2 protein chains.
Amino acid sequence: MPLAPLFRPIDVAPAYQKVADAIEREIVNGRIKPGDPIGTEHDLVRQFGVNRSTIREGIRVLEEGGLIRRDSSRRLHACLPRYSKLASRLSRALVLHEVTFRELYEASMTLEVASIEGAVERATDANLVELDDNLVRSEAVVGSPAALAECDAEFHVLVAKASQNRVLQLAREPAAQLFYPTTEMIVTGVAEGGPRLVAAHRHLIDAIRRRDREAGVLWTRRHLQDWRRGFEKIASLDRSVEHMYMEHAQAARRR
Amino acid sequence: MPLAPLFRPIDVAPAYQKVADAIEREIVNGRIKPGDPIGTEHDLVRQFGVNRSTIREGIRVLEEGGLIRRDSSRRLHACLPRYSKLASRLSRALVLHEVTFRELYEASMTLEVASIEGAVERATDANLVELDDNLVRSEAVVGSPAALAECDAEFHVLVAKASQNRVLQLAREPAAQLFYPTTEMIVTGVAEGGPRLVAAHRHLIDAIRRRDREAGVLWTRRHLQDWRRGFEKIASLDRSVEHMYMEHAQAARRR
DNA sequence: TTCTGTCCCTTTGTCCGACAAAGCTAGAGG
DNA sequence: CCTCTAGCTTTGTCGGACAAAGGGACAGAA
């Protein structure tokens, strides 16, 4: 018979973890604001009363979590975690969990439609300028799959941004990052892929400008279905996202 | 006139970063599989030819990224990043970016509807057993706001799980984590809140069991609108998520 | 046999001290 | 007032050290 649970496990976190937690707490509850400097390592050594090596391990944890950064002069300061970095963590996780392209497609259908709906409703003139600019650049590289795929990824980021909904913006990003490399492959393999992609973007911008929700949703669906048709010429939707796709996300994260 | 670009910038990442990158690469591209042991710190010192302090800093980075863990005996091994941990990173970021409850509500409306649609279409018997079990436990604690809020959070995780779409599962989690504390406040403040919540869950399970998509979407909408009405009795939807809400997520992550 | 206590080796967490390289600062010199 | 150089500071890395805890092997007790 197992023992009755008389004691709860004791909290014995290593010192570096406690250092990280302490600093994190100050940032998350707002006592340290984004941009505020954290002291030097030596300062932290004095404040926490532990060795510099221990402090440094704690700093690594916070740095990886995106809560603190070193500016150009390597001084530490608190900062707002950046979406693209967080999203690439998630993309990495999705790859490791071997999600299928079907899951990506289905989730993106939902998320991109929601994005366009928000954009149609709330896009500002500044958003439209960015989108127009993206369209011009896309048209210029319609013959170059890699560059076009990059423009496509940026386009959808801009649409999400135009929705003014940061939760949505963040939620769609991981899946979108995994789409990106396949777009390049599809545009390469399917002759009319590039022009169709740019045409869809044009219709989407138009829908946003006219605040025409129906058209926005319609063209988003078509755009994604185009991706799907193109993808299915190359592979099955039930294939899991493969490891090699991560290399794009990795390169993006390092920037 | 600027110099012709004769040289590319040299990669001058610090050693600990290179260590982390090297190990990450092996895990992400599949040469090290989840569960595989990483060597001891001493092994890594030998392999990379750097000091143990440097190795340890690299390990912290990977640990925080969720790519490696220490098992009960503190030995290192690769592992699959856990959704709840990643999601709480995102929740933390959303709090720091001071997103509004309106953004949360709008995004969740999309994500939870998509979840239920997937669940209605693909839920297995095992999923239904879990949901039924959750319902029973919810009914038992309908008078206790904290416990009920926890059940509610779990319920929606289970629905997302039943959708069999892990991308969706991951995408909805950050917003859901921020909902959780407010649910407790609402159930506390609004008398009929608890019973209505449980009733909605019952209808949702019923819709999943009958594979009735319309009903599923309808009751998800109602459920969320209930939350919204309850929330608006307490505060404005345009208020930003506040720092104190993070404490729940923090506690969850530490587990 | 099965459990327990002991000894030893390994591994981790932490500490100390040190040093080169790069940034920053302030005073010297124009 | 501006520039340049000589410190001082800070970071990244190194080497070595030690206590605590885990794991394994082994002997003795129930």
Side-chain angles (χ1 to χ4, degrees), chain A residues 1-4 6-27 32 35-79 254, chain B residues 7-24 26-27 32 35-79 254:
Chain A
M1 200 208 294
L3 253 83
L6 192 53
F7 299 110
R8 293 287 99 212
I10 313 174
D11 176 23
V12 287
Y16 70 86
Q17 187 67 53
K18 288 185 176 173
V19 168
D21 285 350
I23 299 176
E24 170 179 341
R25 216 169 7 254
E26 295 305 292
I27 295 177
I32 299 179
D36 286 359
I38 315 293
T40 68
E41 295 180 0
H42 188 57
D43 289 338
L44 297 175
V45 166
R46 267 199 308 266
Q47 294 181 52
F48 286 102
V50 296
N51 191 270
R52 191 158 76 99
S53 305
T54 306
I55 294 290
R56 283 176 64 82
E57 289 188 35
I59 288 175
R60 293 297 155 251
V61 172
L62 294 171
E63 246 177 357
E64 177 68 7
L67 282 181
I68 69 179
R69 298 179 68 179
R70 316 197 91 109
D71 59 19
S72 61
S73 74
R74 300 196 220 173
R75 257 189 260 286
L76 293 170
H77 55 83
C79 70
R254 241 179 281 289
Chain B
F7 299 110
R8 291 288 98 210
I10 313 174
D11 177 23
V12 288
Y16 70 86
Q17 188 66 54
K18 288 185 176 174
V19 168
D21 286 350
I23 298 176
E24 169 180 341
E26 295 305 292
I27 295 176
I32 300 178
D36 286 358
I38 314 293
T40 67
E41 295 180 0
H42 188 57
D43 289 338
L44 296 174
V45 166
R46 267 199 308 265
Q47 294 181 51
F48 286 103
V50 297
N51 192 272
R52 191 159 75 98
S53 305
T54 306
I55 294 289
R56 284 176 63 82
E57 289 188 35
I59 287 175
R60 292 300 154 251
V61 172
L62 295 171
E63 244 177 357
E64 178 67 7
L67 282 181
I68 69 179
R69 298 180 70 178
R70 316 196 91 109
D71 59 19
S72 62
S73 74
R74 301 196 216 169
R75 257 188 261 286
L76 292 169
H77 55 85
C79 70
R254 242 179 279 291

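Fair warning: this is a prediction, and the values are worked out from it, not measured in the lab. Only heavy atoms go into these numbers, but all of them, side chains included; no hydrogens, no water, no symmetry mates. Below, chains carry the letters A, B, ... as their sequence lines are ordered, and counting in each starts from 1.
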*Can you sort out the partners of Pro37(B) under side-chain contact (heavy atoms from CB on, under 4.5 Å), two or more places apart, ordered by chain and number?*
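side-chain contact (heavy atoms from CB on, under 4.5 Å) check on Pro37(B) returns nothing, list empty.
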
Which whole-number value in Å describes the distance from [X] [atom1] to [N] [atom2]?
| X | N | atom1 | atom2 | answer |
| --- | --- | --- | --- | --- |
| His42(B) | dC9(C) | NE2 | P | 16 Å |
| Asp43(A) | dT10(D) | CG | P | 7 Å |
| Leu44(B) | dT12(C) | CG | P | 9 Å |
| Phe48(B) | dC14(D) | CZ | P | 13 Å |
| Glu41(B) | dA21(D) | CD | P | 17 Å |
| Ile55(B) | dG15(D) | CD1 | C1' | 15 Å |
| Arg69(A) | dT11(D) | CZ | C1' | 18 Å |

*Carefully, step by step, assess Arg60(B) and Glu64(A) under the rule salt bridge (Lys or Arg N to Asp or Glu O under 4.0 Å).*
CA-CA 9 Å; Arg60(B) 292 300 154 251; Glu64(A) 177 68 7; over 6 Å; no

*Ignoring hydrogens and geometry, is there a side-chain-to-backbone donor-acceptor pair from Asp43(A) to Thr40(A) under 3.5 Å?*
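Checking the backbone N and O of Thr40(A) against the side chain of Asp43(A), a donor-acceptor pair under 3.5 Å is found.
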
_Distance check, rounded to the nearest 0.5 Å: Arg46(B) atom CZ versus Ile55(B) atom CD1?_
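Rounded to the nearest 0.5 Å, the CZ-CD1 separation comes to 11.0 Å.
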
_Nearest atoms (heavy-atom pairs only) where Arg70(B) meets His77(B)_ =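 Closest heavy-atom pair between Arg70(B) and His77(B): C-NE2, 4.3 Å.
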
_Over all atoms of both residues, closest heavy-atom pair of Leu67(B) and Glu24(B)_ =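 That closest heavy-atom pairing would be CD1-CG, 3.6 Å.
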
*asked:* Return a single string for nucleotides 14-23 of chain C, one symbol per nucleotide in 5' to 3' order, where B is base contact, S is sugar-phosphate-only contact and - is none, cutoff 4.0 angstrom on heavy atoms.
replied: BBB-B---SS

_Any Arg60(A) side-chain nitrogen or oxygen under 4.0 Å from OP1 or OP2 of dG12(D)_ =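 Indeed, a polar side-chain atom of Arg60(A) lies that close.
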
